[in-house]
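Residues: numbered from 1 along the sequence shown. Note: hydrogens, waters and symmetry copies are ignored here, and every other heavy atom, side chains too, is used.
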Amino acid sequence: MNLEFWNKQLGKGWSAVLADLLSSEYADKLLNKLNEEYKRTTVFPKKSEIFRPFRETPWEDLRIVILNKEPYHDGKATGLALANNFDTNNLTLSPPLREIEKLHQRYEIEHSHFVFDPSMVSWAEQGVLLLNTFLTVEKGKSESHSKYWKKFTYEVLETIAKWRPDCIFMLWSTNAKEYKPLIKNCHILEDIHPNYAVNCKIDWKCPNFDQANKIIEDANGPEYKILW
């Protein structure tokens, strides 16, 4: 295992708890395959952002996992699930992120900042791991990298469930819900995916944000709630 490499990519906490995975032959093959794909075609997110969720939410700070399917394959992926870059030249949000913004604007989720943060870094810094089950995708080709990442995601979720049973999972996509057996000892919150709501013209009123804060408040006190 190249400890220096993984410490840089994931942070020391994640590298330590995932040491067996990262030192495996599978991990070496995964990195080699990703290097080939980035050379061969257009892949999202940027190579430097593949493992960004772990850097933004250190293992020691982990409280909530929002498990999404895969990065946007239209160029808006940032490495953080569901997020968009804040670009003043292009303020059009991806449809699922726009649904989350609507909850924020209507004060249907508790928050302390007036302007919604499309980068969602403010969530990540509070211990919300914004994780896709597949961390990369070829441009315009949904699920194109699913086969590369299944073992990685399995090991990450199993590790969280083993060592952090107090963690709260939000599962919205059908793909994310397939991982429920791995995390059955954790808090699991479910709803429809915001993109499904957009496609079906449903008003998305996800209660998971308040439900998560209720769990946190009951366990640790109101001062520990997430400010979405």
Side-chain angles (χ1 to χ4, degrees), residues 9-10 30-31 33-57 64-105 109 115-125 128-150 152-153 156-157 169-179 190-204 206 208-209 228:
Q9 293 298 318
L10 304 178
L30 172 65
L31 293 179
K33 186 61 181 177
L34 292 175
N35 285 331
E36 291 174 6
E37 288 296 294
Y38 274 88
K39 290 178 182 178
R40 182 185 68 84
T41 188
T42 301
V43 177
F44 298 122
K46 292 188 296 186
K47 198 174 181 180
S48 61
E49 295 180 334
I50 295 175
F51 298 102
R52 186 182 173 199
F54 302 96
R55 297 194 298 272
E56 297 284 2
T57 306
I64 294 175
V65 178
I66 296 181
L67 190 61
N68 192 53
K69 180 182 177 182
E70 64 184 348
Y72 301 117
H73 45 81
D74 60 358
K76 290 189 176 182
T78 70
L80 300 183
L82 297 165
N84 286 168
N85 279 321
F86 184 75
D87 182 353
T88 55
N89 296 317
N90 182 9
L91 297 178
T92 302
L93 300 183
S94 298
L97 186 58
R98 174 60 181 148
E99 290 302 299
I100 296 173
E101 183 192 40
K102 287 178 183 178
L103 292 187
H104 189 279
Q105 290 175 336
I109 55 176
V115 179
F116 177 68
D117 173 20
S119 77
M120 297 172 80
V121 170
S122 61
W123 293 15
E125 290 176 342
V128 180
L129 182 67
L130 298 163
L131 184 66
N132 288 306
T133 59
F134 321 138
L135 297 190
T136 56
V137 66
E138 184 176 342
K139 179 181 179 180
K141 295 184 178 181
S142 178
E143 299 190 37
S144 51
H145 286 190
S146 62
K147 59 183 176 293
Y148 306 148
W149 288 103
K150 287 184 177 180
F152 182 91
T153 301
V156 168
L157 297 183
F169 281 82
M170 295 186 187
L171 308 179
W172 299 334
S173 69
T174 300
N175 172 267
K177 292 171 184 176
E178 291 176 357
Y179 289 89
E190 298 182 55
D191 200 69
I192 63 172
H193 196 278
N195 204 48
Y196 177 85
V198 171
N199 293 337
C200 295
K201 296 181 171 55
I202 298 171
D203 191 14
W204 194 63
C206 180
N208 291 172
F209 304 100
W228 304 101

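- Taking 4.5 Å as the limit, every side-chain heavy atom of Thr78 sits out of range of all side-chain heavy atoms of Pro45.
- Enclosure of atom NZ in Lys150 is not indicated, since only 12 or fewer non-hydrogen atoms of other residues, nucleotides or ligands lie within 6.0 angstrom.
- In this structure, the side chains of Glu101 and Leu97 stay at 4.5 Å or more apart for every pair of heavy atoms.
- Of all heavy-atom pairs between Leu131 and Leu135, the closest is CD1-CD2, 3.8 Å.
- Side-chain contact of Asn68 with His193: a donor-acceptor pair under 3.5 Å is present, judged by distance alone.
- Taking each heavy atom of Ala77 and Pro71 in turn, the nearest pair found is CB-CB, 3.7 Å.
- The shortest distance between side-chain heavy atoms of Tyr72 and Pro96 falls below 4.5 Å.
- Between Asn132 and Thr153, the shortest heavy-atom contact is O-OG1, 4.5 Å.
- Atoms CG and CG, on Leu157 and Leu67 in that order, are 5.5 Å from each other to the nearest 0.5 Å.
- For the residue pair Thr136/Trp149, the side-chain donor-acceptor check at 3.5 Å is satisfied.
- The shortest side-chain heavy-atom distance between Trp172 and Leu82 falls under the 4.5 Å cut-off.
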Step-by-step side chain to side chain contact (heavy atoms under 4.5 Å, CB included) determination, Ile64 to Leu129: CA-CA 6 Å; Ile64 294 175; Leu129 182 67; over 6 Å; no

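- Annotation: side chain of Lys69 is in contact with side chain of Glu143 (closest heavy-atom distance under 4.5 Å).
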Show the numbers, then the answer: is there a side chain to side chain contact (heavy atoms under 4.5 Å, CB included) between Phe54 and Val156? CA-CA 11 Å; Phe54 302 96; Val156 168; 4.1 Å; yes

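- Asn175 and Ser173 are not linked by any side-chain donor-acceptor pair at a separation below 3.5 angstrom, with hydrogens and angles left out of the test.
- Partner Trp204 forms a side-chain contact (heavy atoms from CB on, under 4.5 Å) with one of Val198, Asn195, Ile192 and no other, that one being Ile192.
- Using cut-offs of 30° and 60° for the angle between ring planes, the Phe51 and Phe152 rings count as tilted.
- For the atom pair CG of Leu80 and CE of Met120, the computed distance is 8.0 Å after rounding to the nearest 0.5 Å.
- For NZ of Lys147, the number of neighbouring non-hydrogen atoms (other residues, nucleotides, ligands) closer than 6.0 Å is greater than 12.
- With hydrogens and angles disregarded, a donor-acceptor distance shorter than 3.5 Å links the side chain of Thr57 to the backbone of Val128.
- Taking Glu49 as the reference, nothing meets the salt bridge (charged side-chain N to carboxylate O under 4.0 Å, His left out) condition, with sequence neighbours excluded.
- Between the side chains of Asn208 and Asp191, no donor-acceptor pair is found at a separation under 3.5 Å.
- Residues Phe209 and Trp123 place their aromatic rings such that the two centres sit under 6.0 Å apart.
- Note on Arg52 versus Glu56: salt bridge recorded, some NZ/NE/NH1/NH2 to OD/OE distance being below 4.0 Å.
- Considering only residues two or more places apart in sequence or on other chains, Glu99 meets the salt bridge (charged side-chain N to carboxylate O under 4.0 Å, His left out) condition with Lys102.
- Formation of a donor-acceptor pair under 3.5 Å by the Tyr148 side chain with backbone atoms of Lys33 is not found in this model.
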Worked verdict on Arg40 versus Glu37 for side chain to side chain contact (heavy atoms under 4.5 Å, CB included): CA-CA 5 Å; Arg40 182 185 68 84; Glu37 288 296 294; 2.9 Å; yes

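- Panel note: side chain Lys76, backbone Thr92; a donor-acceptor pair is recorded below 3.5 Å.
- By the salt bridge (charged side-chain N to carboxylate O under 4.0 Å, His left out) test, Lys141 pairs with Glu138, sequence neighbours left out.
- A pairwise comparison of heavy atoms in Trp228 and His104 identifies O-CD2, 3.7 Å as the closest pair.
- Put simply, CG on Leu103 and SG on Cys206 are 7.0 Å apart, with the number rounded to the nearest 0.5 Å.
- A donor-acceptor contact under 3.5 angstrom links the side chains of Ser142 and Glu70, judged on distance only.
- Aromatic ring centres of His145 and Phe134: separated by at least 6.0 Å.
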Walk me through it: do Phe169 and Ile66 pass the test side chain to side chain contact (heavy atoms under 4.5 Å, CB included)? CA-CA 6 Å; Phe169 281 82; Ile66 296 181; over 6 Å; no

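- Side chain to side chain, Asn84 and Ser94 meet the donor-acceptor criterion of an N or O pair below 3.5 Å.
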